[in-house]
Amino acid sequence: MDRIKLIDKLNTAHDLSDEEFYQLIFPLCSAGLSEESSPDNAALKAYTDAAAWTKDEEDHLYITAREAADANYGKSVFLRGLIEFTNYCKNDCYYCGIRCSNKNAERYRLTKEDILNCCDQGYYLGFRTFVLQGGEDPFFTDERICDIVSAIKLKHPDCAVTLSIGEKERASYQAYFDAGADRYLLREETSDNEHYHYLHPDSLSMKHRQNCLFTLKSIGYQVGCGIMVGSPMQTPKAVIKDLRFMQELKPHMIGIGPFIPHKDTKFANMPAGTLTDTLHLLSILRLMFPDILLPATTALGTIHPLGREMGIKAGANVVMPNLSPTGVRGKYLLYDGKICTGDEAAECRMCMQRRIESTGCHVEISRGDHCSVSH
């Protein structure tokens, strides 16, 4: 295989055949396969080792991806102020630390006033996008969400509001949009139905989740999707299905990060996704979708102290420092070891700016919309 030629082809055509994608993706995902699930694990490991990337191949991938980001957004990196406003969730996803059956989770909800205070502080610190993220919490009815969104937009009309609150019906999504929400993040997690049911209870449906993303886009949201890299039983074939789904959806943002196990889930002893696999896939996505908004996630910074900087060098152009009150950050644990749980918002903000500048990029104080969106 000549990966450098494949990288150049992807950079030009923004697409490859399934077999060509396989050459770039493999050996990604093999860590999530257990000996029980893969009887030929020794043979798989031998092939994986033989398929390891060279430094020249990796350097070429990352540099080419960074150049693609620069061509669309310059050296700008956009900040999103993350507000984790509830860790209650009605769902029981097998990998998630705030799943409803986890009796060890210390539950909390922020009030409307708490959320507005976070936004006020974030605005002072230069944030022009606020991301309201939470579990699927029935307490936060459509009326309450709309009230919070409209209050934020009234106080900060030059800011974007992003929601990340899971699967809803069209009427709910429309109501949030009418109240002023600009963007919606909803990771599909996987586009392989068998893999989906390995990660989720039967009460949840992959097709419904995917349909939610198309509904959001049809309403007019800037839409973000994404997957966990190295999640249990993920295969290269499943990742290629994810890439094909993303091509069909044409999202404005793609959020990927490594799978990190949580001690109170059935996957507690599964290996985490790797830094290398996540960086490779970040760059592949940048070359497939040159104008995408692509975060260097907190999970990436959790598995390596310089993970987010490395993500930016590999083509990412968004980071999401935490604006949540420090008293609740340690309670919103989707996975173990999450960083910045004790930092004040200002500390996170200035630390992130220094980190971004160390990569040769700079923070842009703006809403950071997708480059296709005009105001």
Query - Any donor-acceptor N/O pair, Glu136 side chain to Glu167 backbone, under 3.5 Å - result: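 A pair under 3.5 Å: yes.
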Query raised in the report: Backbone N or O of Leu163 within a donor-acceptor pair of the Arg183 side chain at under 3.5 Å?
Result: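 Looks like no, no N/O pair under 3.5 Å.
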Residues two or more places apart in sequence or in another chain: which of them pass ring pair (Phe, Tyr, Trp, His ring centres under 6.0 Å) with [X]?
{"X": "His60", "result": "none"}
{"X": "Phe259", "result": "none"}
{"X": "Tyr88", "result": "none"}

Without placing hydrogens or testing angles, list every side-chain donor-acceptor pair under 3.5 Å for residues 337-344, not counting sequence neighbours.
{"from": "Lys338", "atom 1": "NZ", "to": "Glu84", "atom 2": "OE1", "distance (Å)": "3.1"}
{"from": "Lys338", "atom 1": "NZ", "to": "Glu84", "atom 2": "OE2", "distance (Å)": "2.6"}
{"from": "Lys338", "atom 1": "NZ", "to": "Tyr332", "atom 2": "O", "distance (Å)": "3.1"}

How far apart are the closest heavy atoms of [X] and [Y], and which atoms are they?
{"X": "Asn102", "Y": "Asp264", "value": "OD1-CB, 3.5 Å"}
{"X": "Cys225", "Y": "Leu213", "value": "CB-CD1, 4.0 Å"}
{"X": "His14", "Y": "Pro290", "value": "CE1-CG, 3.4 Å"}

Query raised in the report: Does a salt bridge link Asp142 with Lys168, judged by any charged N lying under 4.0 Å from a carboxylate O?
Result: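 Looking at Lys168 together with Asp142, the answer is no, because their closest N to O distance does not fall below 4.0 Å.
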Query raised in the report: Can Lys237 and Asp192 be counted as an ion pair, charged N to O under 4.0 angstrom?
Result: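 Between Asp192 and Lys237 there is no salt bridge, as every charged N stays at least 4.0 Å from the carboxylate O atoms.
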Query - Step-by-step side-chain hydrogen bond (donor to acceptor under 3.5 Å, both in side chains) determination, Arg308 to Thr297 - result: CA-CA 7 Å; Arg308 287 175 295 185; Thr297 63; over 6 Å; no
From [X] [atom1] over to [Y] [atom2], what is the distance, rounded to the nearest 0.5 angstrom?
{"X": "Thr111", "Y": "Arg144", "atom1": "OG1", "atom2": "CZ", "result": "11.5 Å"}
{"X": "Ile98", "Y": "Tyr335", "atom1": "CD1", "atom2": "OH", "result": "12.0 Å"}
{"X": "Ile165", "Y": "Thr86", "atom1": "CD1", "atom2": "OG1", "result": "10.5 Å"}

Query raised in the report: Got a sec, which residues hit side-chain hydrogen bond (donor to acceptor under 3.5 Å, both in side chains) with Arg66, two or more places apart in sequence or on another chain?
Result: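 Counting only residues at least two positions away or on another chain, Arg66 forms a side-chain hydrogen bond (donor to acceptor under 3.5 Å, both in side chains) with Asp70.
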Query raised in the report: Does Tyr22 have Lys241 sitting over its ring (NZ/CZ under 6.0 Å from centre, angle to axis within 45°)?
Result: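 No, a cation-pi geometry is absent between Lys241 and Tyr22.
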Requested in this report: Please say whether the positively charged group of Arg80, taken as NZ for Lys or CZ for Arg, lies over the ring of Phe130, i.e. under 6.0 angstrom from the six-membered ring centre and within 45 degrees of the axis.
Outcome: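 Verdict for Phe130: no cation-pi partner in Arg80.
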Query raised in the report: Val77 and side-chain contact (heavy atoms from CB on, under 4.5 Å): which partner among Val318, Val363, Ile356?
Result: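 The option that passes is Ile356.
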Query - Evaluation steps, side-chain hydrogen bond (donor to acceptor under 3.5 Å, both in side chains), between Gln353 and Arg349 - result: CA-CA 6 Å; Gln353 178 165 330; Arg349 165 68 174 85; 2.6 Å; yes
Query - Ring geometry between Tyr221 and Tyr184 (parallel below 30°, tilted from 30 to 60°, perpendicular above 60°) - result: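 Perpendicular: the ring planes of Tyr184 and Tyr221 meet at over 60°.
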Query raised in the report: With ring centroids as reference points, do Phe267 and Tyr198 lie under 6.0 angstrom apart?
Result: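 Judged by ring-centre distance (under 6.0 Å), Phe267 and Tyr198 do meet the cut-off.
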For [X], salt bridge (Lys or Arg N to Asp or Glu O under 4.0 Å) partners two or more places apart:
{"X": "Glu309", "answer": "Arg355"}
{"X": "Arg99", "answer": "Asp92"}
{"X": "Asp8", "answer": "none"}

Query raised in the report: Any side chain to side chain donor-acceptor pair (under 3.5 Å) pairs touching residues 282-291, not counting sequence neighbours?
Result: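 Output for this query lists Arg286-Asn317.
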Query - Pairwise ring pair (Phe, Tyr, Trp, His ring centres under 6.0 Å) hits with a residue in residues 347-374, at least two apart - result: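 Ring pair (Phe, Tyr, Trp, His ring centres under 6.0 Å) check on residues 347-374 returns His252-His370.
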Query raised in the report: Does any pair with a residue in residues 89-115 pass ring pair (Phe, Tyr, Trp, His ring centres under 6.0 Å), and if so which ones, sequence neighbours excluded?
Result: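 Checked against ring pair (Phe, Tyr, Trp, His ring centres under 6.0 Å) - neighbours excluded - the pairs reaching residues 89-115 are Tyr95-His200.
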Requested in this report: Determine, stepwise, if the pair His195 / Glu189 fulfils side-chain hydrogen bond (donor to acceptor under 3.5 Å, both in side chains).
Outcome: CA-CA 9 Å; His195 187 217; Glu189 301 301 2; over 6 Å; no
Query raised in the report: Got more than 12 heavy atoms from elsewhere within 6.0 Å of OH, Tyr124?
Result: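 Not buried by this count: 12 neighbours or fewer within 6.0 Å.
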Query raised in the report: Transitive ILVMFWY cluster of Leu204 at side-chain heavy atoms under 4.5 Å: who else is in it?
Result: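 Joined to Leu204, directly or through intermediates: Tyr196, Met206.
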